[in-house]
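Okay, so here's the structure we're looking at.
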Amino acid sequence: MLGDLSFNEMREYVTKLGLPAFRGNQLFDAIYSGKTLNEITNIPKNVQALIQNDYPQVKITKKLESRDGTKKYIIQFADGEIAESVLMKYKYGNTICVSTQVGCRMGCKFCASGLHGLKRNLTSGEILSQVVLINKGEGGTLKERKITNIVLMGSGEPLDNYQNVIKFLRLVTSKEGLNISERNISLSTCGLVPEIYKLADEGLNITLTISLHAPNDEIRRKTMPIAQRYTIAEILRACDYYIEKTKRRVAIEYTLIKGVNDSDACANELIKLLKGRLCHVNVIPLNYVKERGLTGAIREEAYKFVGILEKGGLSATVRRTMGEDISGACGQLRNEVLAGAK
Ligand code: SAH
């Protein structure tokens, strides 16, 4: 598929078809501008006919806007599967939250994305198309981007789709492409330890975010099946390696679930666990997922929890919840359109 190719690979692709290399530049430009084949005006029809089977067939099928300005885009791929991507507007720029898989097989008990298991991985071009189409939807072009930051925090476990995610990161940061700064990209994982080590060795300066959600393995195993496979100690050792290689601060996500991980004792245990590490804790009151039957802590409790962490010497903040009214907040992406749920 053409959407998976880098600038140089695109030039090689057209050369193999017996076309001049500049057609590759034109194609690259068209794909990164989010054009459909019909919208390309500078490539003759007979050349378009040669490439049409490889040209990305992606489209925005729906756009929902939240009261707070957050937008959820539903993007459909050639086989009819969809991805949900969320655009959040901040003072410093626009952040897009991309999905890396259709569904998810991690099965976290509080999250909607894994309700129906994993459908399939997204290709690098399909992950990229979310950024390209939303950039276009927001009035951006290849040269004048409307997207400044990317978080890999939509549906799916990015490190469970490792190769495609790495290729996506290289495409989206490439000079000829959207040229998004590596430092403005965050990848969130539930803690696939071997892949964290691999990621540290990729030479990418992105922010690693760990979905920890518990101060010890016993509590973590109650809500996250992955905790049966890797211990918190193993995850934190991998984080230390990541910090050593990239010199970047790691982010820790801690979703507060009432009666599960929200006690003062949990906060104190978390301090012991993380103190002295180059990390920042984001505390998120659990967002509502109707099938999951768990209750979120209220914001006041989240501030209290953060207060304890800060007193104990950790850097911590309560994450703003955005887009909850359009089911666009953390853990609420569920492929609603396909599943038919409302
Ligand atoms: N699979 C990756 C990427 C998903 S990121 C990961 O686990 O990190 C989405 C973030 O939202 C994760 O930190 C996830 O644990 C969190 N999350 C999931 N369900 C949530 C919910 N109902 N409320 C708040 N946060 C939730």
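Residue numbers run from 1 in the order of the sequence given. Whatever order the structure lists them in is the order used to number ligands and atoms, beginning at 1.
Using a 4.0 Å heavy-atom cutoff, Ser113 is absent from the residues neighbouring ligand 1. Heavy atoms of Gly154 approach ligand 1 to within less than 4.0 angstrom. Judged by the shortest distance from any of its heavy atoms, Gln332 lies outside the 4.0 Å radius around the atoms of ligand 1.
Under 4.0 angstrom from ligand 1, the non-hydrogen atoms of Thr255 all belong to its side chain. Contacts between Leu286 and ligand 1 below 4.0 angstrom, taking non-hydrogen atoms only, involve backbone and side chain alike. Of the heavy atoms in Ile210, none comes closer than 4.0 Å to ligand 1.
Judged as a salt bridge (Lys or Arg N to Asp or Glu O under 4.0 Å), the pairs with a partner in residues 25-42 (not counting sequence neighbours) are, in order, Glu39-Lys136.
The residue from Pro158, Gly331, Ala112 that puts a heavy atom closest to atom 20 (C) of ligand 1 is Gly331.
The aromatic rings of Tyr197 and Tyr241 are tilted relative to each other, their planes meeting at an angle between 30° and 60°.
Each of Met1 and Tyr55 belongs to its own hydrophobic cluster when Ile, Leu, Val, Met, Phe, Trp and Tyr are linked at side-chain heavy-atom distances under 4.5 angstrom. Transitive grouping of hydrophobic side chains (ILVMFWY, heavy atoms separated by less than 4.5 Å) keeps Val289 and Phe110 in distinct clusters. Under the 4.5 Å side-chain heavy-atom criterion for ILVMFWY residues, a single connected hydrophobic cluster contains both Leu122 and Leu178.
The atoms of ligand 1 that sit less than 4.0 Å from any heavy atom of Met153 are 4 (C), 5 (S), 9 (C). Interface atoms of ligand 1 facing Val289, defined by a heavy-atom separation under 4.0 Å, are 22 (N). Taking every heavy atom of Cys190 and a limit of under 4.0 angstrom, the matching atoms of ligand 1 come to 6 (C), 7 (O), 8 (O).
In this structure Arg23 satisfies the salt bridge (Lys or Arg N to Asp or Glu O under 4.0 Å) test with no other residue, sequence neighbours excluded.
Looking from atom 23 (N) of ligand 1 to the surrounding protein, the closest heavy atom is Asn287 N, 2.7 Å. The protein atom (non-hydrogen) at minimum distance from atom 15 (O) of ligand 1 is His213 NE2, 2.5 Å. The closest protein non-hydrogen atom to atom 6 (C) of ligand 1 is Ser211 OG, 3.3 Å. Nearest to atom 21 (C) of ligand 1 among the protein's heavy atoms is Cys330 O, 3.4 Å.
Note that Lys62 lies outside the cation-pi zone of Tyr73, set by a 6.0 Å cut-off to the ring centre and a 45° limit from the axis.
For ligand 1, none of its N or O atoms has an N or O atom of Tyr288 under 3.5 Å away.
Using a 4.5 Å heavy-atom cutoff, the side chains of Ile284 and Glu253 are in contact. Side-chain contact between Ile206 and Arg183 is absent, with no heavy atoms from C-beta onward closer than 4.5 Å. Residues Val193 and Arg237 form no side-chain contact, since every pair of their non-hydrogen atoms from C-beta on lies 4.5 Å or further apart.
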